[in-house]
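Data block below; observations after.
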Amino acid sequence: MNPKNVAQEVSSATKLAATDAATFVTGGGFPHDDEDPRRARNAKAALGVAVGGVALLVLSILTKKRK
């Protein structure tokens, strides 16, 4: 449980989730659960974070325009 190794594993998983989410957006679908069930879950989480970030950005812009 070396912190450097843990950070490297988290970094790799995050990059893979971002790649899988991008594949879904471009029409490739989510990874199959038989490959690695965590990949589909992580890709969905990455999409949720991205959608949430965009929603907050839009909300922030709309709120500033009303003032």
Side-chain angles (χ1 to χ4, degrees):
M1 284 307 227
N2 183 355
K4 185 177 179 180
N5 292 342
V6 172
Q8 194 171 30
E9 288 177 18
V10 169
S11 175
S12 296
T14 303
K15 289 176 185 176
L16 185 60
T19 301
D20 288 340
T23 301
F24 172 76
V25 170
T26 58
F30 285 117
H32 297 292
D33 285 339
D34 56 345
E35 294 175 20
D36 184 0
R38 293 175 293 183
R39 281 184 65 187
R41 182 199 64 207
N42 291 346
K44 291 172 186 175
L47 279 174
V49 168
V51 169
V54 170
L56 286 175
L57 179 65
V58 169
L59 185 61
S60 173
I61 291 170
L62 291 176
T63 303
K64 286 182 181 181
K65 284 187 176 183
R66 289 185 181 184
K67 289 183 178 181

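Predicted, not measured: the structure shown is a model, and the values here were computed from it.
Residue Ala21 comes nearest to Ala46 through the heavy atom pair CB-CB, 4.2 Å, listed as atom of the first residue, atom of the second, then distance.
Both Val54 and Leu62 are part of a single hydrophobic cluster, where members link through side-chain heavy atoms under 4.5 Å apart.
Here the CG-CG distance, from Asp20 to Asn42, works out to 8.5 Å after rounding to the nearest 0.5 Å.
At least one donor-acceptor pair under 3.5 Å links the side chain of Thr19 to the backbone N or O of Lys15. Looking only at distances, a side-chain donor or acceptor of Thr26 sits under 3.5 Å from a matching main-chain atom of Ala22.
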